[in-house]
Amino acid sequence: MRKAEITRKTKETDITLALDLDGGERKIDTGIGFFDHMLNSFAVHGGFGLTLICKGDLEVDGHHTVEDCGIVLGQALAQCLGDKAGIARFGQSFVPMDEALGFCALDISGRPYLVFDAPMPQPMCGTYDTCLTVEFMRALAVNAGLTLHLKAEYGDNAHHITEALYKALARALKQAVTVTGGGVLSAKGVL
């Protein structure tokens, strides 16, 4: 069973999340339309079932909502994978989105690290502040134990750049969580 359910409530956000790495229902409502679109694209292109409902302090801005969703999604991913035995572990993907090209390489290593190189030409996509993309990716990487590299090779439109990155992440993660059988893919025997 590669499923997890997590609830997290703070003074800033109240989040309920269910993740199924092998597919299922998708229902996302964070109160930030563009972020919902990115999370839905992530779930579709990863082949994941994802229910994520977040009530956040959007009267402040979207930062707490976006970052905390990354935290909870990372925790759920870690819970789904357990000791990581029998998975491919590594994944990579290039995704074009019109004029933009996004790249993701990742290792489900248990050693959180983020390299993010994606300048955003516009500051906003709807009510989503494009600088929050790095905050989401950092929270995800730290809480899932991912070594995560994301790069916008080029692009002129922040919507396209951001969407290419979320889709590249999804496709790379789909590869990395693929069941290959056997033990943990590490010379150390553990991750």
Side-chain angles (χ1 to χ4, degrees), residues 1-10 13 15-28 30 35 38-54 66-95 102-118 132-151 162 164-191:
M1 299 287 289
R2 299 181 342 139
K3 298 179 181 182
E5 292 185 11
I6 305 236
T7 301
R8 181 177 193 265
K9 186 170 185 171
T10 70
T13 59
I15 301 172
T16 303
L17 179 145
L19 176 65
D20 186 337
L21 296 183
D22 299 311
E25 178 186 10
R26 296 178 190 101
K27 180 180 177 187
I28 297 156
T30 66
F35 187 44
M38 293 302 98
L39 292 172
N40 187 62
S41 289
F42 166 81
V44 168
H45 288 272
F48 308 133
L50 178 62
T51 301
L52 195 161
I53 308 301
C54 176
V66 173
E67 182 178 37
D68 288 8
C69 286
I71 289 170
V72 174
L73 183 58
Q75 291 172 343
L77 180 59
Q79 187 175 320
C80 285
L81 294 173
D83 68 0
K84 304 171 196 77
I87 61 167
R89 180 178 162 182
F90 298 96
Q92 61 279 323
S93 181
F94 279 98
V95 170
F103 173 71
C104 176
L106 62 84
D107 176 8
I108 304 175
S109 63
R111 295 182 311 278
Y113 199 88
L114 175 67
V115 176
F116 186 90
D117 181 8
L132 296 180
T133 303
V134 68
E135 300 301 330
F136 173 81
M137 299 301 180
R138 182 179 297 113
L140 176 70
V142 167
N143 287 277
L146 303 178
T147 300
L148 179 59
H149 293 246
L150 289 154
K151 181 173 178 58
T162 305
L165 293 174
Y166 274 87
K167 288 177 178 177
L169 168 66
R171 295 182 62 81
L173 196 54
K174 182 178 183 176
Q175 288 175 21
V177 302
T178 297
V179 176
T180 59
V184 173
L185 189 57
S186 170
K188 295 178 287 216
V190 296
L191 289 172

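Treat the numbers as computed from the prediction; the structure is a model and nothing was measured.
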Can you list, pair by pair, the side-chain donor-acceptor contacts under 3.5 Å of residues 86-94, counting residues two or more places apart and other chains?
unit_1, atom_1, unit_2, atom_2, d
Arg89, NE, Asp107, OD1, 2.6
Arg89, NH1, Leu185, O, 2.6
Arg89, NH2, Asp107, OD2, 3.0
Gln92, NE2, Gln175, OE1, 3.4

For this session: Kindly state each residue pair satisfying ring pair (Phe, Tyr, Trp, His ring centres under 6.0 Å) with at least one member in residues 168-188, sequence neighbours excluded.
Result: none

For this session: Can you see which heavy atom on Leu106 is nearest to which on Leu173, and at what distance?
Result: CD2-N, 3.8 Å

Exercise. Does the side chain of Leu165 come within less than 4.5 Å of Cys104's, by heavy atoms?
Worked result: no

Problem set entry | Partner set under side-chain hydrogen bond (donor to acceptor under 3.5 Å, both in side chains) for Asp117, not counting sequence neighbours | Lys151

Exercise. Are the side chains of Ile53 and Ile15 in touch, meaning some heavy atoms are under 4.5 Å apart?
Worked result: no

For this session: Side-chain contact test, heavy atoms from C-beta onward, threshold under 4.5 Å: evaluate it for Ile28 versus Thr51 and give yes or no.
Result: no

Problem set entry | By side-chain hydrogen bond (donor to acceptor under 3.5 Å, both in side chains) - contacts of Thr147 (at least two apart) | Ser109

For this session: Report the residues that fulfil side-chain hydrogen bond (donor to acceptor under 3.5 Å, both in side chains) with Arg8, sequence neighbours left out, ordered by chain and then residue number.
Result: Asp68

For this session: For residues Leu19 and Lys3, determine if any side-chain heavy atom of one lies less than 4.5 Å from a side-chain heavy atom of the other.
Result: no

For this session: Just jot down the side-chain hydrogen bond (donor to acceptor under 3.5 Å, both in side chains) partners of Lys84, sequence neighbours excluded, or say none.
Result: none

Exercise. Once you round to the nearest 0.5 Å, how far does NZ of Lys167 lie from NE2 of His45?
Worked result: 4.0 Å

